[in-house]
Amino acid sequence: MDALEHLRRLCLALPEVTERPSHGEPTWFVRGKKTFVMFADHHHDDRRAFWCAAGPDVQQTLVAQAPESYFRPPYVGHRGWLGVYLDVPVDWGVIADLVEDAYRVTAPKALVVQLDDRVADLPDLSQSSAHGDL
């Protein structure tokens with residue numbers, strides 16, 4: 001699966017998320033209004049990446065720790081958004097966490113509660129074995 005399809009699946013799995021082009025790129029919105037993730041395929045540079053909303057100090061911390069993976073995106077970087085390169089090896093578990101965090105800082109509280117309820121309903125697989133409870 002390519003990076004765009006991976007990102008699309010992560011975003012669309014969240015409550016009331018829609019996708020439509022914005023500035024010529026696939027972009028994901030909460031309730032069709034608030035952007036929380038934008039794909040960037042050579043958007044203003046020669047890199048493949050995505051931009052996402054981020055909590056306080058996340059952008060500064062990650063860019064300082066791993067500039068080969070993260071960057072301050074144009075236009076929205078001054079608001080704390082994070083840029084994530086997709087043309088380098090990525091950990092899709094980390095990407096999933098960043099996408100969920102972007103959703104949490106953008107979505108209304110009721111949708112965050114809905115997401116929390118969904119996560120709480122997932123079975124705890126850490127306590128089971130591949131062969132069932134033996």
Side-chain angles (χ1 to χ4, degrees):
M1 178 181 329
D2 80 339
L4 174 57
E5 189 56 34
H6 248 117
L7 188 61
R8 178 176 282 128
R9 287 183 182 206
L10 291 172
C11 292
L12 292 176
L14 298 166
E16 297 189 40
V17 169
T18 57
E19 176 184 342
R20 71 176 182 271
S22 179
H23 303 0
E25 302 283 4
T27 304
W28 293 272
F29 299 83
V30 178
R31 290 189 169 159
K33 296 178 183 176
K34 294 182 87 176
T35 304
F36 74 104
V37 173
M38 178 183 176
F39 189 68
D41 188 4
H42 302 89
H43 195 89
H44 299 287
D45 61 17
D46 62 349
R47 306 290 305 266
R48 203 161 203 225
F50 73 92
W51 307 348
C52 64
D57 301 319
V58 171
Q59 177 204 91
Q60 184 177 4
T61 300
L62 291 178
V63 170
Q65 288 177 351
E68 68 283 354
S69 298
Y70 305 104
F71 64 99
R72 183 178 191 251
Y75 308 113
V76 293
H78 69 280
R79 293 192 340 235
W81 278 52
L82 177 67
V84 182
Y85 291 121
L86 295 173
D87 57 2
V88 297
V90 298
D91 178 335
W92 284 101
V94 171
I95 301 298
D97 289 343
L98 291 170
V99 167
E100 183 177 316
D101 290 348
Y103 180 86
R104 288 178 180 281
V105 301
T106 306
K109 289 179 185 176
L111 290 182
V112 173
V113 167
Q114 186 179 337
L115 177 62
D116 289 341
D117 289 347
R118 185 189 311 178
V119 171
D121 289 340
L122 292 175
D124 182 2
L125 299 178
S126 67
Q127 301 301 317
S128 64
S129 70
H131 305 288
D133 295 325
L134 299 176

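Numbers for residues simply follow the sequence, beginning at 1. The shown structure was predicted, so the numbers you read here are calculated from the model rather than taken from an experiment.
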So which heavy atom on [X] is nearest to which on [Y], and how close?
X   : Y   : result
Q59 : P73 : NE2-CD, 4.2 Å
A54 : L82 : CB-CB, 4.2 Å
A3  : R48 : CB-NH1, 4.3 Å
P67 : A64 : CD-O, 4.0 Å
L7  : W92 : N-CZ3, 4.1 Å

If we only count heavy atoms from C-beta on, is the [X] to [Y] side-chain gap below 4.5 Å?
X   : Y   : answer
P26 : R20 : no
L98 : Y70 : yes
L4  : R9  : no
W51 : F39 : no

Can you give the donor-acceptor pairs under 3.5 Å from side chains of residues 28-38 to other protein atoms, not counting sequence neighbours?
from: W28; atom 1: NE1; to: E19; atom 2: OE1; distance (Å): 3.1
from: R31; atom 1: NE; to: E16; atom 2: OE1; distance (Å): 2.9

Listed once per pair and sorted, the salt bridge (Lys or Arg N to Asp or Glu O under 4.0 Å) pairs that draw on residues 57-70, sequence neighbours left out: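 Matches after skipping sequence neighbours: none remain.
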
Stepwise side-chain contact (heavy atoms from CB on, under 4.5 Å) check, F50 with I95: CA-CA 10 Å; F50 73 92; I95 301 298; 3.9 Å; yes

Inter-residue atom distance L115.CG - L14.CG, 0.5 Å rounding: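 If I round to the nearest 0.5 Å, the distance is 6.0 Å.
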
Whether T27 side chain and E25 backbone form a donor-acceptor pair below 3.5 Å: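 Yes.
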
Path from V112 to L10 over hydrophobic side-chain contacts below 4.5 Å: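 Different clusters.
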
Same cluster (ILVMFWY, side-chain, under 4.5 Å), L86 and L12: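 Yes, it is one cluster - the side chains of L86 and L12 are joined through contacts under 4.5 Å.
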
Got a list of side-chain donor-acceptor pairs under 3.5 Å for residues 101-110, not counting sequence neighbours?
from: Y103; atom 1: OH; to: P15; atom 2: O; distance (Å): 2.7
from: R104; atom 1: NE; to: E100; atom 2: OE2; distance (Å): 3.0
from: R104; atom 1: NH1; to: D116; atom 2: OD1; distance (Å): 2.7
from: R104; atom 1: NH2; to: E100; atom 2: OE2; distance (Å): 2.9
from: R104; atom 1: NH2; to: D116; atom 2: OD1; distance (Å): 2.7
from: T106; atom 1: OG1; to: A102; atom 2: O; distance (Å): 2.9

